[in-house]
Amino acid sequence: MARQAHTQPETLVDGDGSDMPVGRLLHPDKSPRVANRAVHAGAAETSSFDTVSHYFDVAADRLEMPDGLRSVVRTAEREVQVHIPIKLGTAGTHVFSGYRVQHNGTRGPYKGGIRYHERVNLDEVRALAALMSWKTAIVDVPFGGAKGGVNCPARDLDEAELESITRGFVDKISQVLGPARDIPAPDVNTNARVMAWLMDEYGKLHGDTPAVVTGKPISLGGSLGRESATGRGVVYVYREAARALGLHPDATRVAVQGFGNVGSWAARIITQFGCRLVAVSNSSGAIHSEAGIDPNYLLRHLADGGKLPDYPDAAGAEGVEAIAPSELIGLDCEVLIPAALGGTIHSANAGSVRARMIIEGANNPTTPTADQILNDSGVLVVPDVLANAGGVIVSYFEWAQNLQHFSWDEREVNDRLGARMRRAYRKVEERAHATQVSLRVAAYELAIEQIVEAGRLRGHRGYT
Ligand code: NAD
């Protein structure tokens with residue numbers, strides 16, 4: 001996580017195809033007071049929360065939920081916003097915004113990642129928290145849903161600055177965290193190192209508590225298999241969905257958007273199963289090769305400081321060409337795995353999708369209009385709330401191991417993950433077939449039913 005020297009502003013290709021400069025600090029005050037003035041619609045035609053609310057409403061209509069109950073289940077139970085003032089070298093003091101949204105706790109302690117990205121805002125964190133509530137219910141882990149984030153340009157900050165932001169954030173939200181209250185985990189631009197700082201800062205305030213966070217380093221109580229879990233879960237889902245389409249791995253070409261934790265692990269594991277990785281993108285560009293890209297060589301190139309668009313010149317990259325990142329969505333392939341940010345598949349590019357299947361490694365990558373276009377054209381979409389649940393499943397294993405002061409070997413973690421992903425997929429698929437709806441609608445229906453039942457049994461206000 002060393003500071004990256006950018007000779008020119010790095011560009012992040014938005015879902016609408018426009019290039020947006022990122023990594024700039026812009027105004028020093030990114031506190032909630034300023035950051036909440038406008039809801040950032042992001043790349044897509046709707047805001048993140050509108051997207052999640054739309055999918056919720058489709059399922060709630062089908063379940064004939066009364067309006068009052070619908071409002072209770074849709075609305076976050078607690079939203080915390082804090083100011084985090086940080087000295088950034090010669091750039092002076094900046095005030096960032098930190099958010100923790102606890103969406104629904106009827107099924108257990110809140111659970112959800114923490115994201116560091118300059119575009120983090122309350123609308124997005126709210127949406128991601130709601131997704132966590134549905135996800136934990138669908139894969140039947142005893143948690144509710146939460147999400148957190150800080151609107152800092154993480155890729156332009158050095159390790160000391162990231163540590164300072166993390167400790168400052170935890171100091172302000174520690175009262176709402178805890179192994180029986182709310183358990184954070186890594187997300188975009190956060191990793192095991194960040195989770196170690198988080199655990200340490202919480203420990204200073206409340207006593208050493210490894211179970212307060214998951215995705216920690218193994219030596220501090222992290223679980224074997226956690227780092228690869230979300231990508232591995234994506235591949236388990238591929239195997240289930242491929243069976244339904246009669247798709248064999250050696251006839252499966254895969255394009256992966258985003259090559260961070262989720263995308264790179266999904267790429268490594270899916271190629272081990274015999275699929276061919278034909279395209280990869282990240283925030284600096286995209287590459288394509290009909291003959292196939294070796295994800296391990298590519299990772300080495302990036303770890304050595306290389307940029308993705310330069311990879312075609314690297315050793316072991318014969319036949320690889322650089323392409324425009326916007327081309328990746330419409331490439332000729334069987335499986336498309338969005339594993340970057342939200343809203344990247346939208347009304348303007350959904351019609352160009354040629355893949356037979358989209359497995360949503362990212363959270364909220366598909367807007368409602370795009371989802372409709374994909375359904376109408378027969379593309380099988382495995383929704384985020386099911387497809388990327390591998391991370392929270394192994395987070396549950398990590399939390400359980402911490403509480404028992406015991407650890408499992410990696411084989412056991414992966415086997416248990418596979419069993420849970422298969423069970424969840426089959427449950428959602430069965431519901432979708434029985435009621436003639438998409439996997440997304442079926443998944444939301446199942447999640448809502450479980451949350452409503454838990455709320456009723458607990459006697460929570462608004463559920464009875
Ligand atoms: P990460 O920070 O490790 O990786 C993100 C990747 O996306 C990077 O390679 C980045 O360069 C790339 N990227 C950013 N914008 C892009 C764009 N416009 N086009 C192409 N690539 C772009 O993050 P991650 O943990 O892998 O998370 C990725 C997605 O998966 C997020 O939506 C996250 O919420 C979701 N997710 C993560 C986990 C987890 O366990 N890490 C679990 C569930 C869901």
Side-chain angles (χ1 to χ4, degrees), residues 1 4 10-20 22-23 42-44 48 111-120 124-125 127-129 131-132 135-136 139 145 147-149 154-155 184-192 194-195 214-215 223 225-234 255-267 279-287 295 298-299 302 307-309 323-329 336-346 349 359-366 383-395 398 417:
M1 279 202 273
Q4 295 172 359
E10 196 171 346
T11 56
L12 177 144
V13 176
D14 259 334
D16 62 4
S18 63
D19 284 351
M20 172 176 281
V22 296
S48 302
K111 184 89 190 80
I114 291 192
R115 173 177 291 198
Y116 288 172
H117 194 279
E118 52 277 4
R119 286 206 230 141
V120 161
E124 179 185 70
V125 179
L128 295 169
L131 284 178
M132 286 305 296
K135 201 178 298 183
T136 50
V139 296
K147 201 77 181 189
R155 284 173 299 146
D187 192 73
V188 173
N189 292 327
T190 58
N191 56 16
V194 175
M195 296 305 113
T214 58
S223 178
R226 172 61 184 90
E227 197 199 318
S228 57
T230 309
R232 190 177 298 280
V234 163
V256 177
Q257 182 192 48
F259 203 63
N261 174 288
V262 178
S264 72
W265 277 108
V280 174
S281 68
N282 71 7
S283 56
S284 53
I287 52 173
L298 175 57
L299 273 169
L302 297 175
K307 291 273 178 194
L308 192 83
I323 57 170
S326 53
E327 278 183 58
L328 183 129
I329 299 287
L336 174 61
I337 303 178
L341 300 175
T344 58
I345 305 178
H346 46 82
N349 65 11
I359 307 177
E360 295 184 342
N363 282 314
N364 230 359
T366 311
D384 47 9
V385 285
L386 173 61
N388 69 32
V392 76
I393 292 175
V394 176
S395 277
E398 181 174 331
L417 167 64

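Indexing begins at 1, ligand by ligand and atom by atom, following the structure's order.
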(message) List ligand 1 atoms under 4.0 Å from N388, heavy atoms only on the residue side.
(response) 43 (C), 44 (C)
(request) Can you sort out the partners of R232 under salt bridge (charged side-chain N to carboxylate O under 4.0 Å, His left out), two or more places apart, ordered by chain and number? (result) none
(request) Evaluate the side-chain proximity of N261 to P186: yes if any heavy-atom separation is below 4.5 Å, no if none is. (result) no
(request) Would you mind telling me which of I323, I329, L328 makes a side-chain contact (heavy atoms from CB on, under 4.5 Å) with S281? (result) L328
(message) Tell me the nearest of S283, G391, A362 to atom 11 (O) of ligand 1, using heavy-atom distances.
(response) S283
(request) Provide the number and element of each atom of ligand 1 under 4.0 Å from a heavy atom of Q257. (result) 20 (C)
(request) Report the part of E124 (side chain from C-beta onward, or backbone N, CA, C, O) that has a heavy atom under 4.0 Å from ligand 1; answer both or neither where that applies. (result) neither
(message) Show me which atoms of ligand 1 lie under 4.0 Å from any heavy atom of F259.
(response) 6 (C), 9 (O)
(request) Name the option, out of G258, P186, G215, that contains the heavy atom nearest to atom 7 (O) of ligand 1. (result) G258
(message) Please identify which of these residues, R115, K147, R119, meets the side-chain contact (heavy atoms from CB on, under 4.5 Å) condition with E124.
(response) R115
(request) Between D187, V188, V385, flag the one that comes closest to atom 34 (O) of ligand 1 by a heavy atom. (result) D187
(request) Tell me, with the steps shown, if I114 and V194 meet side-chain contact (heavy atoms from CB on, under 4.5 Å). (result) CA-CA 9 Å; I114 291 192; V194 175; 5.9 Å; no
(message) Using 0.5 Å steps for rounding, measure from the CG atom of N349 to the OG1 atom of T366.
(response) 9.5 Å
(message) Tell me the contacting part of P325 for ligand 1: side chain, backbone, both, or neither, using a 4.0 Å heavy-atom threshold, strictly below.
(response) neither
(message) With heavy-atom distances below 4.0 Å as the criterion, list the atoms of ligand 1 near N189.
(response) 2 (O)
(message) I'd like the name of whichever of G343, G361, A387 reaches closest to atom 30 (O) of ligand 1 through any heavy atom.
(response) G361
(message) A side-chain contact here means heavy atoms from C-beta on lying under 4.5 Å apart; do E360 and I345 qualify?
(response) no
(message) Side chain or backbone, does T344 bring an N or O within less than 3.5 Å of an N or O on ligand 1?
(response) no
(request) Heavy-atom contacts with R226 under 4.0 Å: which atoms of ligand 1 show up? List them by number with element. (result) 40 (O)
(request) Just go through L308, N364, N363, L341 and tell me whose heavy atom is the nearest to atom 36 (N) of ligand 1. (result) N363
(message) Nearest 0.5 angstrom please: L308 CG to N282 CG, how far?
(response) 4.5 Å
(message) Closer than 3.5 angstrom, by distance alone: can the side chain of Q257 be matched with the main-chain N or O of P338 as a donor-acceptor pair?
(response) no
(request) Determine, considering heavy atoms only, which of P338, G260, G231, S326 sits nearest to atom 6 (C) of ligand 1. (result) G260
(message) Would you compute the distance between atom OG1 of T190 and atom NE2 of H117 and round it to the nearest 0.5 angstrom?
(response) 12.0 Å
(request) Specify side chain, backbone, both or neither for V262, according to which of its non-hydrogen atoms lie closer than 4.0 Å to ligand 1. (result) both
